[in-house]
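Here is the structure we will look at.
Given the structure is predicted, the values throughout are model-derived calculations rather than measurements. All values below come from the heavy atoms of this structure, side chains included, with hydrogens, waters and symmetry mates left out.
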Amino acid sequence: MAACSGPETAEGMFPVETVTVGDVELDVAVASTPEQRNQGLRGVDELDGYDGMVFIFEEPRTATFGMRDTLIPLDIWWFDPDGVLIGSTEMQPCADLVCASYGSPGEIGWALETPLGEWEFQLGAMLEPPA
């Protein structure tokens with residue numbers, strides 16, 4: 001898969017919105033459909049001024065993420081159906097056929113991927129998702 005410059009060009013399929021975590025505003029690509037969530041940040045070598053990607057789930061669920069073909073290390077922040085931060089995980093790029101899986105610590109409504117080490121959100125922080 002060829003690298004692209006940022007999430008807005010990854011398959012040309014991601015709208016960009018602002019979300020708030022605690023008192024921090026982030027401009028993020030939004031993955032709200034199964035196809036968008038499957039693509040995620042695969043093949044993206046830099047975010048070009050965006051702060052990350054938010055994954056929106058229609059129904060609360062447990063979720064598993066992988067890093068196959070993802071080129072940059074990421075933190076993933078897990079938010080429950082009420083928008084409360086319930087955990088985070090560091091994820092490393094993987095070019096192998098078999099890669100580690102990273103599971104949510106419980107049912108979530110949203111997941112937020114940001115560059116590794118870029119942010120330090122506290123458990124219990126509230127996510128205000130895009131409208």
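Among residues at least two apart or in separate chains, there is no side-chain hydrogen bond (donor to acceptor under 3.5 Å, both in side chains) pair with a member in residues 94-112.
To the nearest 0.5 Å, atom SG of residue Cys94 and atom CG of residue Asp69 are 8.5 Å apart. Leu47 CG to Leu41 CG: the interatomic distance, rounded to the nearest 0.5 Å, is 6.0 Å. Separating the CE atom in Met53 from the CD atom in Glu113 is a distance of 7.5 Å, to the nearest 0.5 Å. To the nearest 0.5 Å, the span separating CD1 on Ile86 from OG on Ser88 amounts to 10.5 Å.
Between Trp78 and Phe65, the ring centre distance stays below 6.0 Å.
One side chain, Asp27 or Thr18, offers a donor N or O that lies under 3.5 Å from an acceptor on the other.
Contact check for Pro93 versus Pro73: side-chain heavy atoms found under the 4.5 Å cut-off. You'll find the side chain of Cys99 stays beyond 4.5 Å of the side chain of Met67, heavy atoms only. Between Pro15 and Gln36, some side-chain heavy-atom pair lies under the 4.5 Å cut-off. When side chains are defined from C-beta on, Glu90 does not count as touching Leu74, because their heavy atoms never get closer than 4.5 Å. Side-chain atoms of Phe14 and Gln39, non-hydrogen and from C-beta on, do get closer than 4.5 Å to each other. Side-chain contact check for Thr114 versus Asp51: every heavy-atom pair is 4.5 Å or farther apart. Gln92 has its side chain within reach of Leu116: a pair of non-hydrogen atoms, C-beta onward, lies under 4.5 Å apart.
Within a 6.0 Å radius of CD in Glu118, other residues, nucleotides and ligands contribute more than 12 heavy atoms.
Checking side-chain atoms of Asp75 against main-chain N and O of Gly117 turns up a donor-acceptor pair under 3.5 Å. Asp80 places a side-chain N or O within donor-acceptor distance of the main-chain N or O of Asp82, the cut-off being under 3.5 Å.
Shortest non-hydrogen contact noted between Ala125 and Val21 is CB-CG1, 4.1 Å. The two residues Pro130 and Val30 come nearest to each other via the heavy atoms CG-CG2, 4.2 Å.
Met91 is connected to Phe57 through a chain of hydrophobic side-chain contacts under 4.5 Å among Ile, Leu, Val, Met, Phe, Trp and Tyr, so both are in one cluster. Note on Val54 and Val16: separate hydrophobic clusters, where clusters join Ile, Leu, Val, Met, Phe, Trp and Tyr whose side-chain heavy atoms are under 4.5 Å apart, directly or indirectly. One hydrophobic cluster holds both Ile72 and Phe55 under the rule that ILVMFWY side chains link at heavy-atom gaps under 4.5 Å. Follow the hydrophobic side-chain contacts under 4.5 Å out from Ile108 and you never reach Trp119; the two are in separate clusters. Cluster annotation: Val24 and Tyr50 are assigned to distinct hydrophobic clusters (Ile/Leu/Val/Met/Phe/Trp/Tyr, side-chain heavy-atom contacts under 4.5 Å, transitive).
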Derivation and outcome, side chain to side chain contact (heavy atoms under 4.5 Å, CB included), residues Val19 and Leu127: CA-CA 7 Å; Val19 299; Leu127 170 74; 4.1 Å; yes
Chi angles and distances behind the side chain to side chain contact (heavy atoms under 4.5 Å, CB included) call for Val28, Leu112: CA-CA 9 Å; Val28 296; Leu112 173 66; 3.9 Å; yes
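Partners of Glu58 by salt bridge (charged side-chain N to carboxylate O under 4.0 Å, His left out), not counting sequence neighbours, listed by chain and number: Arg37.
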